[in-house]
A.B. asks: 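Sharing a structure below in structure tokens format, with a few things to ask.
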Amino acid sequence: MSEAIEKIKQAKLEYKSDVKPTWCPGCGDYGVLASFIKALGELKIPTHKLSIVSGIGCSSRFPHFVKGYNLHTVHGRALPVALGVKIANPELEVFVIGGDGDGFAIGGGHIPHVARRNPDMVYIILDNAIYGLTKGQVSPTSTLTMTTTTTPYGALEPPLNPIMLLLAYGASFVARGFSSNTKQLTQLIVEATRHRGFAVIQVISPCPTFNMEITFDFVRERVVEIPPKHDPTNKLKAFELAMVQDKIYTGIFYREERPTFEGNLDKIVSKFDGNIDELSKKERLEKLFEQFA
Amino acid sequence: MSENGNLKDVVVRIGGEGGEGVMSAGEILTYSAARSSYRVFTFRTFPAEIKGGLAMYQFRVSPYDIFSMGDKLHILMAFNQEAFDNYSSALAEDGVLFYDPAECKPLDNFTRKKYEVPLKELAMASGTHLAKNMVATGFLSAVLGIPIEESEKQIADKFRRKGEKLLQQNLNAFRSGVEYAQKYLDELKRFRLGKPEGKDKRVILSGNQAIGFGAIAAGCKVAVGYPITPASPILEFLARHLPKFGGKVIQNEDEISALATCVGASYAGAKVLTPTSGPGLALMTELITYASMAELPVVIVDVQRAGPSTGMPSKTEQTDLYHVVFGGPGEAPRIVVAPAHVSDCFYQTVKAFNLAEEYQMPVIILSDQVLAYQTEAIPKPNLESIEVVNRLEPDYESQNSYLRYKITETGLAPIAVPGHPGFEYIAPGLEHNERGAPNYTPKVHTEMQKKRFRKLDVLAEKLENENDDYYEVKGAKILIVAWGSTYGAVREAIEKAEMNGIKVSHYHPRILNPLPKRKIRNIIGNYEKVIVVEQNYNGQFANILRTFVDYNPIKLNNYGGIPFTSEEIYNKIIEVAK
């Protein structure tokens, strides 16, 4: 036991930056941060090979709290920024971390395109079903009829189903975790990182300040691990589990092996033997000019 | 006209039904001329704009340097009636019409000289009616004096793959066109071009292609875009060619993500470019300020088109200047570069990459629809003459703690490239301290704003001493200030004015932000009248001058969607000179 604690201490020392989290006391995001740091320790990713990219929101402050070559970008655009990091340097372990508003509302247009491309990166969505940073507005995963500052008479839109969307968009690894179950979440992050391709984990991470419906107790009462007999290569079964409403399944819904986007891009470059020295590039450019003469 | 009555340059338009080979006739003629060191400008309209499938190819060719497409036609080659009906009014007073009598009957009230060229008949005699365009090519080669052997080489290259029979038929058609021209040559000798000046190797490029070449030469490694007229050909060019140079090209889901992916790739160490037009630029604006805040080099090409909103996508305008200089949340420094002609598109693109790397901020290249599609025979860019700048990286051996956003005298601090232990840093959109950690104190924000803007001051100071964009004429009392693609029309208007005894100087800055204010005040101070020529309603650059150098110039604006003619500018010079 003491060995495990020692490991966690080491990981904290190695990965935690000296910027202190700005989250409210009791925020689910602390559990995700702890799990993330434990997972990094287990994966032994050196900080100079680590790149965490985020957009805007409470959870998007994440990259400030972990050492790495990180980017804290603009609202909703973390995924395409991370795609750029990955294609320019495929050696980096790229993580995108953000919330439900950042991912499914303003940034919703990017998920399908990154999912179908399948870059080798991990996207962790900290879902609290509310806008926390702006103090309590309705989000795309807020429940129907939920009262918020912008839905004082109750939300009119049913929540979207993130797992179904991700499966439909073609994410090659789809999982769900709960911020309070750090043991399971750490393992999910480890598995997602080891998966070669676009791995997404929806983490239910309750907001004790602004969301009075999806509370820790609400989640605890409903959360169930996906039965071990589930075959995660069976997409139809994954959809079935995702459709269950009265329980919140956690674990790996789906995984498949597919070529990665950066690998496919590299293949085009290799086809032309594009990684040549500067002198050869000059000669090649002269030849290209000839085609226009 | 030159001394012996020959034209100094000839403007030719070929018109016919789409599919009759109008484009390939034009291309063979212009490529043959360019290979023989003639100067060539071409112009083609988008087929979508012309009803009934009428296709048109126009070129201006000269043994001497030319700067624009020219104003009126000297030669119209009409394959059919529609070409005559639509284009004959564009002929100059002394222009001539060549037409196929089988397909076209000039109207009785047509007063210019006209000559029958039996395209169809001669093509049939060569073995195929499809070779009409080759008859026209041969005929025009002979009239213009473009070397026959060059054109034959082009035809051979074009048809070899399609089989020996077709090649012979087309060559025969071409030769019958040359032969047929002999009977008119004496009468048409004023169209015969003189021997070209110089022997530079030339390449034929559009502005869009020249930007693509510039990006490759500058070492661009990632290009991401979203299709938009008139910028798509840059993305298409790079998609085809950049991988040969180790580069990666993606068409993203929108312009926001296009710039986002570029920003990420730049952070990871790559030189990046995204091509777009006004509506796409509008979507990118938030991320432009992020790149400025996080101090990441990115190059954005804005091929301007006529707005507002969707406006007239295939027409031209210079209306995004305010947007690129001032647009975005907050005040974010950026550099704006405006190429003046096709060759300049190459060199200014290399410069844009260099500036982005050196000053660690977004650089926006302002091109426009005319420059994008205009093809020009330019001297082959000299790769030995260009300097390629790479970002300043820290000394990775150093043990000192790394401050990415260190406040320095120049505002510049080294950028660490991911992968180096001990130099991890965060690229923040939030106001931040020297390490990049969030900080909202008045002192930090004030100091950081100054730091970021200081980089522009350093560049402006350098520009104070550069004079290659100022074309001074001793004794001139009038100055024309212009930017971007109006260059050619301005040069020719100034030449015309000079022939009529009016001296005019020309200032054509390539960098529109920041501006070298002392230099501009000094230049302007030398003239009685200053005219700012630009293609927009407000006079955007004129107003920027008014703001930054406190001078109120005379404005000459055109905002109909088509480029200035040298005539319009010349007329303004005459009016102002009075």
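To find a chain, count down the sequence lines: A is the first, B the second, and so on, and within it residues start at 1. Remember, it's a predicted structure, so these values are computed and weren't measured experimentally.
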A.B. asks: Kindly compute the distance separating CG (A/Asp120) from CG (A/Leu92), expressed to the nearest 0.5 Å.
C.D. replies: 11.5 Å
A.B. asks: Is any NZ, NE, NH1 or NH2 atom of the basic residue among A/Lys7 and A/Glu42 found under 4.0 Å from an Asp or Glu carboxylate oxygen of the other?
C.D. replies: no
A.B. asks: Assign the ring pair A/Phe292 / B/Phe237 to parallel, tilted or perpendicular, where the plane angle (0 to 90°) is split at 30° and 60°.
C.D. replies: tilted
A.B. asks: Need one label for B/Val224: side chain, backbone, both or neither, based on atoms under 4.5 Å from any heavy atom in chain A.
C.D. replies: neither
A.B. asks: Quick check on the interface: out of A/Arg61, A/Lys271, A/His75, who has the most heavy-atom pairs with chain B under 4.5 Å?
C.D. replies: A/Arg61
A.B. asks: Please determine, among A/Thr73, A/Val19, A/Ile268, the option with the most heavy-atom pairs under 4.5 Å with chain B.
C.D. replies: A/Thr73
A.B. asks: Just checking B/Tyr396 against B/Tyr402, ring centres under 6.0 Å apart?
C.D. replies: no
A.B. asks: Less than 4.5 Å to any heavy atom of chain A: does that hold for the side chain of B/Ala258, its backbone, both, or neither?
C.D. replies: neither
A.B. asks: Can you tell me which of B/Val203, B/Ile426, B/Val417 forms the most heavy-atom pairs within a distance under 4.5 Å of chain A?
C.D. replies: B/Ile426
A.B. asks: So which part of B/Ile250 gets closer than 4.5 Å to some heavy atom of chain A, the side chain, the backbone, both or neither?
C.D. replies: side chain
A.B. asks: If I take atom CG from residue A/Asn128 and atom CZ from residue A/Phe210, how far apart are they, to the nearest 0.5 angstrom?
C.D. replies: 10.0 Å
A.B. asks: Contact part of B/Asp254 toward chain A, heavy-atom cut-off under 4.5 Å: side chain, backbone, both or neither?
C.D. replies: side chain
A.B. asks: Could you give me the CA-CA distance, side-chain angles and deciding distance for A/Arg77 and A/His110, then say whether side-chain hydrogen bond (donor to acceptor under 3.5 Å, both in side chains) is met?
C.D. replies: CA-CA 8 Å; A/Arg77 315 304 165 200; A/His110 304 303; 2.8 Å; yes
A.B. asks: Tell me, for B/Val272 versus chain A, whether the close heavy atoms (under 4.5 Å) come from the side chain, the backbone, both or neither.
C.D. replies: neither
A.B. asks: Given heavy-atom pairs under 4.5 angstrom as the criterion, report whether the side chain, backbone, both or neither of B/Lys244 touches chain A.
C.D. replies: both
A.B. asks: Heavy-atom pairs under 4.5 Å with chain A: which of B/Gly247, B/Ala268, B/Ala265, B/Gly422 has the most?
C.D. replies: B/Ala265
A.B. asks: Select one option (side chain, backbone, both, neither) describing which atoms of B/Tyr267 are under 4.5 Å from chain A's heavy atoms.
C.D. replies: side chain
A.B. asks: Under 4.5 Å heavy-atom distance to chain A, tell me which part of B/Arg35 shows up: side chain, backbone, both or neither.
C.D. replies: side chain
A.B. asks: Report the option among B/Pro381, B/Ser257, B/Gly419, B/Pro428 that has the most heavy-atom pairs separated by less than 4.5 Å from atoms of chain A.
C.D. replies: B/Gly419
A.B. asks: Charged N to carboxylate O under 4.0 angstrom, A/Arg116 versus B/Glu253?
C.D. replies: no
A.B. asks: Please state whether the side chain, the backbone, both or neither of B/Tyr31 comes within less than 4.5 Å of a heavy atom of chain A.
C.D. replies: side chain
A.B. asks: For chain A, which of B/Ile256, B/Val249, B/Leu242, B/Val222 has the most heavy-atom pairs under 4.5 Å?
C.D. replies: B/Ile256
A.B. asks: When heavy-atom pairs shorter than 4.5 Å are enumerated against chain A, which of B/Val388, B/Leu296, B/Leu430, B/Thr289 gives the highest number?
C.D. replies: B/Leu430
A.B. asks: Will you find, in the side chains of B/Asn439 and B/Thr441, an N or O donor that is under 3.5 Å from an N or O acceptor?
C.D. replies: yes
A.B. asks: Under 30°, 30 to 60°, or over 60°: which ring-plane class applies to B/Tyr405 and B/Tyr425, parallel, tilted or perpendicular?
C.D. replies: perpendicular
A.B. asks: For the residue pair A/Phe95 and A/Phe36, categorise the inter-ring angle as parallel (less than 30°), tilted (30 to 60°) or perpendicular (more than 60°).
C.D. replies: perpendicular
A.B. asks: Sort out for me which of A/Pro46, A/Ser54, A/Gly109, A/Ala293 touches chain B most, counting heavy-atom pairs under 4.5 Å.
C.D. replies: A/Ala293
A.B. asks: Can you see whether A/Asp100 engages A/Ser139 through a side-chain donor-acceptor pair at a distance of less than 3.5 angstrom?
C.D. replies: yes
A.B. asks: Ignoring hydrogens and geometry beyond distance, is a side-chain donor-acceptor pair present between A/Thr47 and B/Glu424 at under 3.5 Å?
C.D. replies: yes
A.B. asks: Please classify the contact between B/Ile204 and chain A as side chain, backbone, both or neither, with a heavy-atom cut-off of under 4.5 Å.
C.D. replies: both
A.B. asks: Between A/Ser51, A/Ala88, A/Pro80, which residue shows the highest count of heavy-atom pairs closer than 4.5 Å to chain B?
C.D. replies: A/Pro80
A.B. asks: With a 4.5 Å cut-off on heavy-atom pairs, point out which of A/Gln291, A/Glu290, A/Lys49, A/Lys86 contacts chain B the most.
C.D. replies: A/Glu290
